[in-house]
Amino acid sequence: MRRRTGSVRLLGRDPVLTTLAQLAHSARRGSAHCVIVRGRRGSGKTALLHEVAEHATRSGDLVLTPEAGADQSALWAISELLEPTGARIGGAAATLYPVLRRVHRTLARLTAAKAACLLLDDLRTDDEATLSWFDFTLRRSEGLPLFIVATTVSDSSESPLVNLAVHANCTVLDLPPLPLSATAAIMARDLEAGAEPWQAEVCHRLSAGNPGALVSLLDRLRERRGAVASPDGGVLDPELVTTSVISRLGALSDRTRAVATAVAVLGRTDPDLVGPLAGLAPSAVPGDLHALCRDHLHRHDQPEPLWESTRAAILSTVPTPELTALRTRAAMLLLDNGRPADEVAEQLLALDRADQPWMSQVLVGAAAAASARGDAATAVHCLTRALEGDPANLPARTTLAMRQTRTDPVAAMASLAEVFERSADPVLRARIAVAHALAARTCGQPLRGRGLLLCATTESPASSGGHHGDEDLRALLDAALLAVTLADPATATTAAARHAAGIRVPEGRTASRQCLLAMIADTTMRIGGDVAEAVQLARQAVAGDSVDDWSTPAAAEVLRCAGRFDEAEAALDRAVSRFTAEEDELGLCRLFQSRARGLVATGSLTEAESEARTAFAIAERNSWLSHEPGIAITLALVNSKLGRPLEAQALLDDVGRASVSGRTTEHHEFLHASAWAAIARNDWCAAIDALFECGRVMTGSGISNPVLVPWWVEAAIISALLVGRCEPADEALEAGRTMARRWHTPESAALVTMVEGVINSDIALLADASRSFSGLPTRQWQAFSELGLGRVHVMAGQNVAARSHLRKAISLMLSNGTSPCIDEARRLLHLAGGRMRVRPGAAHDVLSASERRVVDLAAAGATNREIANALYVSLRTVEIHLTKAYRKLGISGRSQLRAACTIEARSG
């Protein structure tokens, strides 16, 4: 360990030393001078005197260093040093004057022989005799080679010592805190491992630039053999901070300490608030704030006036009863000053109990403010504390239960059931029932959510012919009932379809109507109903201003399954913008997952991974993964398609099939992701088994849509192309063909054509499927069509044609993420005597369908606004697609698009 060397405390004191050297030189030439050095304890005053003494000795001066006891006058020490008498010195003028004359004569005699340097350390400001001697000597010392340096601890500009500055030959020097550079230099020298810049910054703050405090801090660091802080400024050893802060507080006046405590309690420096809380007039506060700022206990002109660690250390010195009283007074001061409820609530939330009625009112108001800005966790906290003072407050208890659905759906279910029973208002009971149903759906217990809904439905005024508002409430009840019915595998789609058939949709464009339209559209899509009807319903559902995180994703799923990817993406983008503005993390989490699944369907796996990981990070941070298993399942699917089976399987293992067996959607999604994890590790038999199990679960739930989860396509292709088993492939094809007859879209028709072509090795069917997919957003399927074509040509010995199709298949697989079949495509390409070539326009293949549509219009000269209008998407969506396209095409801007597209056309 490195040892300290030299005068540590003098680093950073060059300006003061320079001034002292100049004054000493002048005094040495007969211009007597006195310097009063003021500084805080530990600021290095004594070390400064030692430096002055060494300099004077080297210059040949007579160095005088009288030492007075704690109860003795410095003048007595000077007198005894010069002419020992043993007599005490009084303060009366009659007895003091002879002493002053005698000391002065002695100094004059000594300085006649050589220059003298008189050094006085820790001069007391109440030492009237010595102050009188200073005044006497300064008036009579002209022409004497005398240099006097006295140090004192003084923080007041009104100190009697300052009055000596009226003499022309007296200078008052203040020792300022060390600069950061000096702190860093001391640490670099005294710590064995040196110091990083961030460590120096933290130590500089903890020591307030005080050399003595810094030396003590470094001693404690050496004892702990560790660092003081982390790069982000967080202190690893709170004891160091607390000790440092308490030490600095101890050196302050009682009044300044009271101000520091008030600032720590309030978290602000407004004198109108700090003054009354500290028991001072507001006009007295700025001076004390300046003292705190000088000691690094207060940050001037910063949103947060105290570092959190400093604030905690200050508050730790306040006894609990006193702190409780201070916080209560602070809350009342804030309230009386008309501050917002959430600012007042900050004080109340820090109390052990907020059980007074006025406190409950404030906390309810703060909860409303938190809800308005999307901070559900704070809203729940405020309402929970509000009920301490008013446990019978049914509106507060109801609001709390509603807010808990965003943070703790399990607790919310119990709370909502309780307030449902206590409430007599049928409208309120209906809204409670809806919230309870959605919480039950989130927890994977949809059956529990149906009970209150059915009860509220029979009580609804609309059931007996109410007005429009009652019909709107009934629409919300019906929407929630459809949602929980679809989520329950025991009832699922069949029961939902029967219920949807008897629903009357109210007129208007209300949020409840949009929710109902979305759920009817979702039900229609799942049973493989009329495509046009489902699309019309979904479009109406997303056409209004209202968005949420359950019906909006459902409507977007319908549009995606109908091939309206841009409309689905635009709907989700609007919802994301709204939830971002409201800072609703749960809503964002669900919407990011929905966007990820849509991107997977188009083969845009890079973007899908970004969305899925964002959703996962939010859910993990908030401990939502247990009741939002679809988020981990979606990320597992993306990882599998990107060829990461181990990461995918780990996610699926964490979820576990048992936890999703009671959930309609998550169950078949789990099996589908498991199948792809098997595909990624080339376990074709396990993949086929999982895909057929996925199909059986979907059929058991009444789901009959060929594109929602195209398990039958993947099962048929793997069976026919990779395993060579025709029977499973035929079975899968028949299942898909049956579903596609009902849900007939260009995509479902092309999928049937492709699978038939693969199974029957039919070139015409495969070519037709490839052409169809080239114009569809789900271009990933074109890769399988081209792989099938290449395989048929290889089998027929038509190697030239085979190589063309196989190269295109590999290129599409690389761009769309269907990588597990790449090995088979490369094997066939090798058999055909070929290898991959990179053609000039091949980069265009990496674009998603949405990106290609935007790029084509932009290359034709359309503006972003024109593109947005033509594709029915937002301007922001166009900008995002263009930015991604530029990166993928390797170009820097719009001017190069036409050339990129021209190269692609020529090489196609």
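From a predicted model like this one, the values you see are computed outputs, not experimental measurements. Sequential numbering from 1 along the given sequence is applied to the chain's residues.
Between the side chain of Asn337 and the backbone N or O of Arg339, no donor-acceptor pair lies under 3.5 Å. Using a distance-only test at 3.5 Å, with no hydrogens or angles considered, no donor-acceptor pair links the side chain of Ser423 to the main chain of Val419. Judged by distance alone, with hydrogens and angles left aside, the side-chain atoms of Thr256 form no donor-acceptor pair with the main-chain N or O of Asp288 at under 3.5 Å. Judged by distance alone, the side chain of Arg397 and the main-chain N or O of Pro391 form a donor-acceptor pair under 3.5 Å. No donor-acceptor pair under 3.5 Å is formed between the side chain of Arg38 and the backbone N or O of Thr152. Between the side chain of Gln347 and the backbone N or O of Leu326 there is no donor-acceptor pair closer than 3.5 Å. Using a distance-only test at 3.5 Å, with no hydrogens or angles considered, no donor-acceptor pair links the side chain of Arg255 to the main chain of Leu280. Judged purely by atom type and a 3.5 angstrom limit, Asn622 uses its side chain to pair as donor or acceptor with the backbone of Ile618. In this structure, Asp174 contributes its side chain and Pro176 its backbone to no donor-acceptor pair below 3.5 Å. Remark: the backbone N or O of Ala345 is not paired with any side-chain donor or acceptor of Arg385 at under 3.5 angstrom.
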Problem set entry | Worked verdict on Leu178 versus Ile186 for side chain to side chain contact (heavy atoms under 4.5 Å, CB included) | CA-CA 11 Å; Leu178 290 177; Ile186 292 173; 3.9 Å; yes

For this session: Determine, stepwise, if the pair Leu363 / Leu349 fulfils side chain to side chain contact (heavy atoms under 4.5 Å, CB included).
Result: CA-CA 8 Å; Leu363 290 167; Leu349 292 173; 3.8 Å; yes

Exercise. Run the side chain to side chain contact (heavy atoms under 4.5 Å, CB included) check on His167 and Phe134 step by step: do they pass?
Worked result: CA-CA 10 Å; His167 295 283; Phe134 268 104; over 6 Å; no

For this session: Report the C-alpha distance between Arg590 and Thr442 in whole Å, list the side-chain angles of each, state the deciding distance to 0.1 Å, and finish with yes or no for side-chain hydrogen bond (donor to acceptor under 3.5 Å, both in side chains).
Result: CA-CA 11 Å; Arg590 291 169 173 170; Thr442 298; 3.0 Å; yes

For this session: List the steps and the verdict of side chain to side chain contact (heavy atoms under 4.5 Å, CB included) for Leu438 and Thr405.
Result: CA-CA 8 Å; Leu438 295 178; Thr405 61; over 6 Å; no

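Thr398 meets the side-chain hydrogen bond (donor to acceptor under 3.5 Å, both in side chains) test with no other residue; sequence neighbours excluded. Scored by the side-chain hydrogen bond (donor to acceptor under 3.5 Å, both in side chains) test, Thr19 finds no partners at all (sequence neighbours excluded).
Rounded to the nearest 0.5 Å, atoms CG (Leu173) and CG (Leu48) are 8.5 Å apart. Rounded to the nearest 0.5 Å, atoms CG (Leu75) and CG (Leu131) are 10.5 Å apart. Note that CE of Met359 and CG of Leu351 are 5.5 Å apart. Values are rounded to the nearest 0.5 Å. The distance from the OG atom of Ser623 to the CD atom of Glu628 is 12.5 Å, given to the nearest 0.5 Å. Note that CG of Leu289 is 6.0 Å distant from OG1 of Thr269, once rounded to the nearest 0.5 Å. Distance check, rounded to the nearest 0.5 Å: CZ of Arg327 to CG of Leu266 gives 9.0 Å.
Salt-bridge annotation for Glu51 and Arg13: absent, with no side-chain N of the basic residue lying under 4.0 Å from a carboxylate O of the acidic one. With respect to the salt-bridge test (charged N to carboxylate O, under 4.0 angstrom), the residues Asp355 and Arg353 qualify.
When all heavy atoms are compared, the tightest approach of Val364 to Ala386 is CG2-CB, 3.9 Å. A pairwise comparison of heavy atoms in Leu625 and Ala619 identifies CD2-CB, 3.6 Å as the closest pair. Considering every non-hydrogen atom in both Ala264 and Leu315, the closest pair reads CB-CD2, 3.7 Å. The shortest non-hydrogen separation linking Cys203 to Leu214 is CB-CD1, 4.3 Å. Between Ala396 and Leu387, the shortest heavy-atom contact is CB-CD2, 4.0 Å. The minimum heavy-atom distance linking Gly587 with Arg406 is given by the pair N-NH2, 3.3 Å.
Arg329 is not listed as a side-chain neighbour of Val265, based on a closest heavy-atom distance of 4.5 Å or more. Residues Val410 and His627 fail the side-chain proximity criterion, which asks for heavy atoms closer than 4.5 Å. In this structure the side chain of Cys589 reaches within 4.5 angstrom of the side chain of Ile631, judged on heavy atoms. You'll find the side chain of Arg189 stays beyond 4.5 Å of the side chain of Leu218, heavy atoms only. Side-chain contact between Leu586 and Phe579 is absent, with no heavy atoms from C-beta onward closer than 4.5 Å. Contact of the Thr614 side chain with the Leu588 side chain is not registered, since no non-hydrogen atoms from C-beta on lie closer than 4.5 Å. Contact check for Pro357 versus Asp390: no side-chain heavy atoms found under the 4.5 Å cut-off. Between Val149 and Leu120 the shortest side-chain heavy-atom distance does not fall below 4.5 Å.
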Donor-acceptor pairs are to be reported for all side-chain atoms of residues 316-323 against protein atoms at under 3.5 Å, with residues two or more places apart or in another chain.
| unit_1 | atom_1 | unit_2 | atom_2 | d |
| --- | --- | --- | --- | --- |
| Ser316 | OG | Ala313 | O | 2.5 |
| Thr317 | OG1 | Ile314 | O | 2.6 |

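With Ile36 as the fixed residue, the side chain to side chain contact (heavy atoms under 4.5 Å, CB included) test singles out one of Thr151, Ile148, Val172: Val172.
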